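Before any comments, here is the structure.
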Number of protein chains: 2
Amino acid sequence: MKTDVKPDRRSRDNARVTITDLSQALNLTKGTVSRALNGYPDISETTRVRVIRAAQAMGYRPLSQAQAIKTGRSCSLGLVIELSEHDAHRPFLAEFLAGLTQAASKEGWTLTIATSECEGDTLGIMRDLVHNRKADGFILPRVLWNDRRIAFLERENTPYICYGRANNHQNTSYFDARSESSMSEAVAMLAGLGHKRIAYIGSASHYAYSHLRRDGYRAGLQSAGLDIDPALMIEELLCPEEAAKATRQLLSTNHPPTAILCATDMLARGVYDFANSIGLKIGSDLSVVGYDGSPEARAMWPRLATFSVDNRKAGAALGEMFIARVRNMDAPLQQELIAAEFCPGGSVGAPAKTPDALAQHMSRLLADHMSFD
Amino acid sequence: MKTDVKPDRRSRDNARVTITDLSQALNLTKGTVSRALNGYPDISETTRVRVIRAAQAMGYRPLSQAQAIKTGRSCSLGLVIELSEHDAHRPFLAEFLAGLTQAASKEGWTLTIATSECEGDTLGIMRDLVHNRKADGFILPRVLWNDRRIAFLERENTPYICYGRANNHQNTSYFDARSESSMSEAVAMLAGLGHKRIAYIGSASHYAYSHLRRDGYRAGLQSAGLDIDPALMIEELLCPEEAAKATRQLLSTNHPPTAILCATDMLARGVYDFANSIGLKIGSDLSVVGYDGSPEARAMWPRLATFSVDNRKAGAALGEMFIARVRNMDAPLQQELIAAEFCPGGSVGAPAKTPDALAQHMSRLLADHMSFD
DNA sequence: AGAAACTCCGAAACCGGTTTCGGCAACGGG
DNA sequence: CCCGTTGCCGAAACCGGTTTCGGAGTTTCT
């Protein structure tokens with residue numbers, strides 16, 4: 001049953017210096033060294049610096065596994081990725097992980113990740129991870145408006161940091177992009193180009209960001225002195241296909257919009273798909289703006305104007321916030337916001353000169369393509 | 001310095017059942033229980049089943065951290081993601097991680113991930129990870145033709161499994177998609193539509209897959225009875241911009257290709273960009289086929305025909321193979337291949353009827369757009 | 001000067017496991 | 001019947017840390 005070979009000790013363990021090595025070199029006991037390094041008050045300052053110096057010189061790094069069995073802390077932060085049907089967080093993942101692991105390793109921490117198929121699983125997986133000391137707490141990506149994970153972790157007294165602002169975000173530490181500002185900004189830009197009828201295509205309202213972006217859109221309209229027309233807002237869309245249908249609906253009216261603002265790039269793709277299918281020229285016949293700065297935005301033609309968030313920075317900030325929080329659970333909440341950067345693209349332009357002509361053009365096109373579903 | 005509150009024990013540790021609990025319930029010593037569970041030969045079969053039964057009944061799960069300090073195994077598999085400049089592995093990541101973590105958690109393992117900026121860092125990071133018992137070994141994504149990681153891990157006697165086939169893949173365990181077959185398949189399909197001049201746009205040759213796909217392209221041409229024309233092959237391309245330039249070069253000749261086969265979807269995007277910029281209609285004027293099945297492929301218009309690999313399955317297979325390997329380092333190498341699935345798209349069609357006319361059309365278009373760089 | 005308080009460190013228990021060693025009992029052979 | 005195996009388990013050391021306890025030496029106070 002057991003592998004009878006174990007020459008690995010040769011090449012694997014030789015370099016590791018243990019606390020016993022350190023204590024012998026210093027002529028102290030393990031206990032004293034441990035207390036010196038962990039900031040106990042009953043160690044003289046001279047001894048402490050002596051220990052710390054020697055630890056650095058000898059390259060001593062405590063084995064987090066060994067610490068964990070006594071302290072319960074394994075110095076690893078957890079991330080449970082939910083693979084819900086129409087998740088849009090994929091492209092960001094690599095950059096986000098880069099930021100996270102970077103911040104983590106700077107403090108000697110590591111990142112443990114798991115995946116889950118649904119929200120219910122997530123809670124169980126998180127419980128197991130902290131129970132088995134595989135994670136000391138969690139980064140919560142893609143926060144929902146009413147997020148069960150928050151209540152759960154609060155109840156379990158497990159540290160966490162949110163990426164996004166939940167409904168009750170006053171009581172949580174979070175990091176987020178100010179996407180509502182981006183939406184307002186987009187409306188202002190479109191209005192500046194002369195657009196009067198700017199539609200909004202939003203995603204499922206259980207996502208926290210949906211609320212913020214919708215509100216940003218509305219605020220943008222008000223600032224621009226434009227009316228809020230409910231007929232120009234379609235929400236709860238999950239995938240490009242649904243966004244395509246919504247686009248058709250928006251353009252089939254008597255007063256179709258000349259620009260469509262999308263909550264995500266993924267939804268903007270649906271707008272493109274429909275526009276392409278009926279031969280509408282994006283950027284001239286119809287302006288489109290997305291949000292996320294995803295790779296897909298650059299793959300579209302003309303390039304989709306969008307807002308990209310620096311996900312590496314987000315990951316790094318979340319990692320730092322988390323570790324700080326674990327180190328002091330009583331510290332005040334940390335809440336940080338950044339702005340997404342606008343990425344111009346050929347998808348925006350001035351509205352067609354004569355809106356009526358445009359409407360006729362569209363209705364004719366639509367009549368030709370009634371079969372589209 | 002230390003947090004003086006520790007009521008967490010209440011809600012965190014209460015459920016955990018230790019090996020001592022188990023041994024007391026069974027009226028055995030810890031040592032006996034441990035040996036019974038770990039398959040030592042000096043335990044009677046009756047005792048063993050009694051222990052295993054009780055362990056299951058009481059929900060005993062050994063704390064991997066505690067095991068690790070003695071055995072050196074932490075039951076976590078490592079993944080170091082290299083964020084090189086023009087990495088194309090982002091879209092796959094989520095699905096790939098899903099497969100990996102799924103396979104891992106099935107065996108009670110977890111996934112520790114780290115990121116690195118360059119190849120040199122990767123080796124150091126891997127060394128640290130195994131040194132600190134954060135990982136028992138590694139999955140190597142995006143294997144290079146001559147991969148330093150392989151030699152390194154081999155030297156360090158650390159288990160690993162490759163995702164991809166390196167130059168010396170005879171001596172490694174790997175999982176991979178048979179992308180060379182996909183390339184041949186694509187050529188066959190294009191030839192079947194009547195294409196005679198099929199170009200190939202390949203990526204950097206330090207990637208292992210570049211060699212395979214190029215060879216697949218060549219084999220496909222031979223099978224179709226077409227000549228291999230070096231003028232129709234441009235390789236070592238890293239980004240869409242370079243692919244766009246290559247496309248221009250290919251189309252500027254006297255006998256331009258009517259179809260372009262791309263080693264990756266990312267490169268196909270460059271072909272689209274150039275074609276769009278000069279008003280070429282993809283699917284009729286020029287056929288394009290990619291590889292990867294990335295989200296970008298669906299964002300392009302017309303949709304890019306491509307080959308998608310089931311990255312979740314790949315992750316799951318790699319995870320299983322890895323754990324099996326760790327459990328028995330002396331087992332024979334495992335080598336597994338799957339086929340990528342063809343995803344049709346509007347980017348392929350029959351070649352233009354009169355190639356000469358097409359060439360003239362192109363040269364005229366190109367003349368109009370000499371400024372393109 | 002003596003008692004009280006304080007500083008600082010050693011000794012040892014502990015965490016949750018694994019692994020070595022030795023011995024008791026049953027068994028088999030001569 | 002005695003002795004050498006063998007099977008099976010307990011005892012105890014160990015892994016690399018943390019944490020409690022107590023006591024020796026020094027300082028402070030009266």
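All chains are named by letter (A, B, ...) in the order of the sequence lines, taking the proteins before the strands, and each is independently numbered beginning at 1. Note that this is a predicted model, so its numbers are computed, not measured.
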Ranking C:dT19, C:dC15, D:dG17 by distance to the side chain of B:Lys70, first place goes to C:dT19
| Can A:Glu156 and A:Arg127 be counted as an ion pair, charged N to O under 4.0 angstrom? | yes
When rounded to whole Å, the CG to P distance for the pair A:Leu37 and D:dG16 reads 16 Å
Whole-Å distance, A:Met58 CE to D:dG16 P, equals 13 Å
- prompt: Taking only side-chain nitrogens and oxygens of A:Tyr60, does any of them come within less than 4.0 Å of OP1 or OP2 of D:dG17?
  reply: yes
By nearest-heavy-atom nucleotide on DNA chain D, the more 5' of A:Val33 and B:Gly31 is B:Gly31
As a check of understanding: the bend across the helix from C:dA1-D:dT30 to C:dG30-D:dC1, end axes from five pairs, rounded to 10 degrees, works out to 50°
With a cut-off of 3.5 Å and sequence neighbours excluded, list every side-chain donor-acceptor pair involving residues 168-175 of chain A.
| from | atom 1 | to | atom 2 | distance (Å) |
| --- | --- | --- | --- | --- |
| A:His169 | ND1 | A:Ala166 | O | 2.8 |
| A:Thr172 | OG1 | A:His169 | O | 3.4 |
| A:Ser173 | OG | A:Gln334 | N | 2.9 |

Any side-chain donor near an acceptor of the partner, A:Thr20 and A:Ser23, under 3.5 Å: no
- Query: When you measure from the side chain of B:Arg16 to the backbone N and O of B:Arg61, does any donor-acceptor pair fall under 3.5 Å?
  - Reply: yes
note: B:Leu63, atom CG; C:dC14, atom P; distance rounded to Å ~ 19 Å
*For B:Thr32, which contact category applies under a 4.0 Å heavy-atom criterion: base, sugar-phosphate, or nothing?*
base
Atom CZ of A:Arg16 and atom P of D:dG17 are separated, to the nearest Å, by 6 Å
ask   = With a 4.5 Å limit on heavy-atom distance, are the side chains of B:Tyr163 and B:Phe96 in contact?
value = yes
Taken to the nearest whole Å, CG/A:Asp42 to P/C:dT7 is 10 Å
Base, sugar-phosphate alone, or nothing: which one does B:Thr71 contact when heavy atoms must sit under 4.0 Å apart? sugar-phosphate
Of the candidates C:dC9, D:dG16, D:dT19, the side chain of A:Asn38 sits closest to D:dT19
Do the side chain of B:Thr47 and the main chain of B:Ile43 share a donor and acceptor less than 3.5 angstrom apart?
no
In whole angstroms, the gap separating C1' of C:dG10 from NZ of A:Lys30 amounts to 13 Å
Quiz item: Donor-acceptor pair under 3.5 Å: do we get one between B:Arg35's side chain and the base of C:dG17?
Solution: no
Discussion item. What's A:Asn27 touching, base or sugar-phosphate or nothing? Going by heavy atoms closer than 4.0 Å.
Written reply: sugar-phosphate
**Message:** On the nucleotide C:dC9, are OP1 or OP2 found under 4.0 Å from the side-chain N or O atoms that A:Ser44 carries?
**Reply:** yes
- Note: B:Glu117-A:Arg312 ion pair, threshold 4.0 Å (strictly below): yes
### A:Gln67 side chain near D:dT18 phosphate (N/O to OP1/OP2, under 4.0 Å)
yes
Correct closest heavy-atom pair for A:Lys134 and A:Thr112 would be O-OG1, 3.2 Å
Discussion item. Below the 4.0 Å mark, does C:dT19 have OP1 or OP2 next to a side-chain nitrogen or oxygen of B:Ser34?
Written reply: no
In plain terms, say whether A:Lys106 and A:Glu320 are close enough for a salt bridge, that is, a side-chain N and a carboxylate O under 4.0 Å apart.
yes
A:Ile43 atom CD1 is separated from D:dT18 atom P, nearest whole Å, by 12 Å
Can you tell whether the side chains of B:Arg73 and B:Asp136 come within less than 4.0 Å, N to carboxylate O? no
Checking C:dA11, C:dT20, D:dG10 against the side chain of B:Leu28 (C-beta onward), the nearest is D:dG10
From CD1 of B:Ile69 across to P of D:dA13 the rounded distance in Å is 17 Å
Here the residues of residues 46-55 of chain B within 4.0 Å heavy-atom distance, strictly under, of DNA chain D are B:Thr47
Pick base, sugar-phosphate or nothing for B:Thr18, based on heavy-atom distances below 4.0 Å to the nucleic acid.
sugar-phosphate
Checklist entry - Would you call B:Glu154 and B:Arg149 a salt bridge, taking side-chain N to carboxylate O under 4.0 Å as the test? => result no
